[in-house]
Structure formats: structure tokens, C-alpha cells
Engineer: 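For reference, the structure I am asking about is given below.
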Amino acid sequence: MTAFGITATDTEMGKTVVTGALAAALRYRGIVPGIYKPVASGCIRKEGGTLVSTDAEFQMKCAGYPEEQRSEVIPVVLEAALAPAEASKLAGVHLDPDNMLRLAGKCIASHKVTVLEGIGGITAPITDDFLVKDYFKALGVPVLIVVKPVLGNVNHAVLTAFYCQQMGIPVLGFLVNGWDEAKAGDLEKGNLYYYRKLTGLPILGKLPQMTEAQLGNPEEIARLAEQNVQLDRILELADKATE
């Protein structure tokens with residue numbers, strides 16, 4: 001069993017897209033991927049009052065999961081677009097870290113490969129006393145850091161990588177989301193150079209910005225992931241990190 005986490009330098013870096021892309025690639029290799037995120041905030045309330053996570057919908061489509069498995073992908077959904085610790089207080093929902101870890105462990109144990117999406121950045125508070133770093137640390141899984149080639153992200157990437165390592169969480173490397181080879185200039189290429197130079201960590205993929213049509217097509221997402229992400233190396237590094 002292979003498992004690794006997806007974290008990022010900030011919110012809106014593309015953790016959900018990366019998680020879905022890796023799940024789609026695994027699916028079209030003939031592997032049923034495990035996908036799990038313990039809680040999602042900023043969810044959409046539909047007619048009838050039901051809260052729905054668009055993250056779960058996207059990842060389920062990528063992985064080929066049926067609707068009845070929705071609660072296994074993201075079991076807790078919150079409406080406020082805040083860190084779970086705050087969103088749960090507003091909703092009057094108790095978040096139980098032990099149950100989150102139990103369900104994550106169940107997902108890992110029942111799949112050959114599991115991709116575990118985090119929430120926000122590595123220090124985002126899931127509860128007042130349980131941060132994302134505590135979640136990955138307790139599971140004993142390495143993480144892949146999602147970055148974007150934008151101004152200021154070198155600082156965030158280096159700090160995220162070093163913080164994870166200081167907390168005893170192995171870092172596989174970086175995965176760049178939203179890369180445009182045709183438009184990459186000094187800023188974008190410089191980011192890649194300094195990600196590697198300042199951390200000693202590899203860049204394990206440069207996933208291009210996808211159109212809405214592409215994001216709606218799991219087979220196309222899988223193709224782009226296979227072309228632009230070093231999936232075999234990620235799996236190899238994840239296995240080595242947990243030996």
C-alpha cells in the first residue's frame with residue numbers, strides 16, 4: 001500500500017486539481033485510487049439545503065467513484081469559506097481528529113495507492129489543537145507540495161518544505177500547478193530554479209492550466225498528468241519514505 005499527502009504553499013494553489021489528476025492517472029492505469037480529505041469548507045448549499053463539496057464531486061469523477069461513496073471521499077462538509085476550525089464553530093459541528101485518522105487509515109488499507117488531500121496550507125487549523133501538519137504526521141505519510149510559478153511563492157515553498165521536515169514529515173518534492181511552457185519567462189523559470197536550489201528537493205511535475213472542458217474529462221486529465229507529472233517517481237519516493 002502506497003499513500004502520500006497533498007499540501008500546498010497556500011489555499012487556491014490547486015491541491016484538488018492535483019489530487020484529481022493523480023487519481024485519474026492511476027484509474028486509467030487500472031488502479032482504483034484511494035482519495036480522502038477529512039473535511040471541506042466553503043461548500044455549496046443546493047436546493048433543499050444539502051451541502052455539497054465541489055472538491056468531492058471533481059475527485060470522484062476523476063477516480064471513477066459512484067455517488068454512494070461521496071461520504072467516504074470527504075465525510076464532513078462545512079459552508080463557511082474559512083479554516084475548518086472556525087467554519088465548524090459557526091456550523092456547530094464537532095470535528096473529531098481521531099475519527100478523521102481512522103477513516104484515512106481505512107482508505108489507505110483498502111487501496112493499492114491513496115492520495116490524501118490536505119486542507120489549506122500545512123499549518124491550517126483543522127481544530128484549535130489539530131493542524132494539517134498533525135494530521136499528516138499522525139498518518140505517517142510523506143507529502144507532495146503544490147506550488148504555482150508566481151511572485152513570492154519561492155519564499156512560501158521553502159518555508160513549507162523546511163517546516164514539514166522540522167515536524168518530521170518527509171517531503172517528496174514539488175508539483176507545479178498552472179504551468180504554461182509557452183509563456184514561461186524569467187519569473188516562472190526562476191521559481192523552478194530556486195525551489196530546487198534552496199531546498200534540494202525535486203520538481204516532480206509541471207501540470208498545465210486546464211480548460212473547463214478538460215477539467216470535465218477524466219480521461220483527458222489522466223493524459224495530461226501522464227505527460228507532465230513523474231507519477232512513477234512519486235510512487236517510488238513515497239514507498240521509500242515509509243520504509
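Computed from a prediction, not measured in an experiment: that's the story for all the values here.
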Engineer: Would you name the heavy atoms of Ala21 and Leu207 that are closest together and state the gap between them?
Structural biologist: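 Heavy atoms only, the tightest pair is CB-CD2, 4.0 Å.
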Engineer: Indicate the atoms forming the closest heavy-atom contact of Cys43 with Leu51, along with that distance.
Structural biologist: O-CD2, 3.9 Å
Engineer: For residues 215-227, which residue pairs qualify under side chain to side chain donor-acceptor pair (under 3.5 Å), counting only residues two or more places apart or in two chains?
Structural biologist: Arg29-Glu226, Gln214-Glu220, Glu220-Arg223, Arg223-Gln227
Engineer: Is it the case that atom CE in Met167 sees more than 12 heavy atoms from other parts of the structure closer than 6.0 Å?
Structural biologist: yes
Engineer: Looking at Thr54, Thr50, Asp55, which one forms a side chain to side chain contact (heavy atoms under 4.5 Å, CB included) with Val52?
Structural biologist: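 Result: among Thr54, Thr50, Asp55, Thr50 is the only option passing the side chain to side chain contact (heavy atoms under 4.5 Å, CB included) with Val52.
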Engineer: Restricting to non-hydrogen atoms, name the atom on Ala80 and the atom on Leu90 that form the minimum distance, rounded to 0.1 Å.
Structural biologist: CB-CD1, 4.0 Å
Engineer: Within a strict 4.5 Å, meaning less than it, do heavy atoms of the Ile203 and Trp179 side chains meet?
Structural biologist: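 No, every pair of side-chain atoms sits at 4.5 Å or beyond.
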Engineer: Check whether any side-chain heavy atom of Leu22 lies under 4.5 Å from a side-chain heavy atom of Pro33, and answer yes or no.
Structural biologist: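 Side chain of Leu22 against side chain of Pro33, heavy atoms only: no contact under 4.5 Å found.
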Engineer: With distance as the sole test, does Tyr36 use its side chain to make a donor-acceptor pair with the main-chain N or O of Met100 at under 3.5 Å?
Structural biologist: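 Side chain of Tyr36 to backbone of Met100: a pair is present.
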Engineer: Would a single hydrophobic cluster contain both Ile44 and Val93, if residues Ile, Leu, Val, Met, Phe, Trp and Tyr are joined by side-chain heavy-atom contacts under 4.5 Å?
Structural biologist: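 The answer is no; the residues belong to distinct hydrophobic clusters.
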Engineer: Nearest 0.5 Å please: distance from the CD atom of Gln69 over to the CE atom of Met60.
Structural biologist: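 Here the rounded value is 7.0 Å.
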Engineer: Are Leu204 and Leu26 connected in the hydrophobic side-chain network, where two residues link if heavy atoms are under 4.5 Å apart?
Structural biologist: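 The answer is yes; both residues are in one hydrophobic cluster.
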Engineer: CG/Asn191 to CG/Leu187 distance, rounded to the nearest 0.5 angstrom?
Structural biologist: 5.0 Å
Engineer: So which pairs with a foot in residues 124-148 pass side chain to side chain donor-acceptor pair (under 3.5 Å), sequence neighbours left out?
Structural biologist: Lys89-Asp128
Engineer: Would Ile221 and Met210 count as a side chain to side chain contact (heavy atoms under 4.5 Å, CB included) if you check the C-alpha gap in whole Å, the side-chain angles of each, and the deciding distance to 0.1 Å?
Structural biologist: CA-CA 8 Å; Ile221 295 171; Met210 298 185 212; 4.0 Å; yes
Engineer: Begin with the C-alpha distance, continue with both residues' side-chain angles, and end with the deciding distance and a verdict on side chain to side chain contact (heavy atoms under 4.5 Å, CB included) for Ile6 and Leu175.
Structural biologist: CA-CA 10 Å; Ile6 303 294; Leu175 198 151; over 6 Å; no
Engineer: Find out whether Val76 and Pro38 are in side-chain contact, i.e. whether some heavy atom of one side chain is under 4.5 Å from a heavy atom of the other.
Structural biologist: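 No, too far: nothing below the 4.5 Å cut-off.
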Engineer: May I ask whether Leu231 and Leu144 are part of the same hydrophobic cluster, defined by side-chain heavy atoms of I, L, V, M, F, W, Y residues being less than 4.5 angstrom apart, directly or through others?
Structural biologist: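 Leu231 clusters together with Leu144.
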Engineer: In the structure I gave you, are the side-chain heavy atoms of Tyr195 and Ile145 within less than 4.5 Å of one another anywhere?
Structural biologist: no
Engineer: Tell me, which pairs form a side chain to side chain donor-acceptor pair (under 3.5 Å) where one or both residues lie in residues 154-178, sequence neighbours left out?
Structural biologist: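 Passing the test, one end in residues 154-178: no pairs.
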Engineer: Quick one: does Lys206's side chain get under 4.5 Å of Leu192's, heavy atoms only?
Structural biologist: yes
Engineer: To check you understand the geometry: which heavy-atom pair defines the closest contact between Cys164 and Val143, and what is its length?
Structural biologist: SG-CG2, 4.1 Å
Engineer: Does atom OH (Tyr194) have a neighbourhood of more than 12 heavy atoms from anything else shown, all under 6.0 Å?
Structural biologist: no
Engineer: The test is side chain to side chain contact (heavy atoms under 4.5 Å, CB included); show your working for Thr199 and Phe174 and say whether it passes.
Structural biologist: CA-CA 10 Å; Thr199 67; Phe174 300 105; 3.4 Å; yes
Engineer: Looking at Asp239 and Thr2, would you say the former's side chain and the latter's main chain have a donor-acceptor pair under 3.5 Å?
Structural biologist: no
Engineer: What closest approach, in Å, do Val146 and Val18 show between heavy atoms, and which atom pair accounts for it?
Structural biologist: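 Answer, listing the atom of Val146 first, then Val18: CG2-CG2, 3.9 Å.
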Engineer: Is there a donor-acceptor contact under 3.5 Å from the side chain of Thr9 to the main chain of Ala157?
Structural biologist: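 Judged by distance alone, no pair lies under 3.5 Å.
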Engineer: Just wondering, do Ser41 and Leu82 contact through their side chains at under 4.5 Å, heavy atoms?
Structural biologist: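 Side-chain contact under 4.5 Å: no.
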Engineer: Minimum heavy-atom separation for Ser88 to Ala85, with atom names?
Structural biologist: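 Looks like OG-O, 3.1 Å.
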Engineer: With a 3.5 Å distance limit and no angle check, can you tell me whether Lys61 reaches the backbone of Gly216 through a side-chain donor-acceptor pair?
Structural biologist: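 Checking the backbone N and O of Gly216 against the side chain of Lys61, a donor-acceptor pair under 3.5 Å is found.
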Engineer: Any chance you could measure Thr114, atom OG1, to Lys106, atom NZ, to the nearest 0.5 Å?
Structural biologist: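 Going from OG1 on Thr114 over to NZ on Lys106, the span is 13.0 Å.
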Engineer: Are the side chains of Leu237 and Pro142 in contact, using a 4.5 Å heavy-atom criterion?
Structural biologist: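 No, too far: nothing below the 4.5 Å cut-off.
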Engineer: What I want to find out is whether Glu67 reaches Arg70 closely enough, with some N-O distance under 4.0 Å, to be called a salt bridge.
Structural biologist: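 Yes.
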Engineer: Evaluate the criterion side chain to side chain contact (heavy atoms under 4.5 Å, CB included) for residue pair Lys37 and Thr19; output intermediate values, then yes/no.
Structural biologist: CA-CA 10 Å; Lys37 179 175 181 174; Thr19 300; over 6 Å; no
Engineer: Can you tell me how far CD of Gln59 sits from OG of Ser53, rounded to the nearest 0.5 angstrom?
Structural biologist: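 If I round to the nearest 0.5 Å, the distance is 7.5 Å.
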Engineer: Linking I/L/V/M/F/W/Y whenever their side-chain heavy atoms sit closer than 4.5 Å, directly or via other members, would Leu101 and Leu116 fall into one cluster?
Structural biologist: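 Linked within one cluster.
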Engineer: Indicate if Val229 and Phe4 have the same hydrophobic cluster label, given that clusters are the connected sets of ILVMFWY residues with side-chain heavy-atom separations under 4.5 angstrom.
Structural biologist: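 Linked within one cluster.
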Engineer: About how many Å separate NZ of Lys112 and CD1 of Ile31, when rounded to the nearest 0.5 Å?
Structural biologist: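 One finds 4.5 Å between CD1 of Ile31 and NZ of Lys112.
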Engineer: Side chains of Ile122 and Phe136: closer than 4.5 Å at any heavy-atom pair?
Structural biologist: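 Yes, close enough: below the 4.5 Å cut-off.
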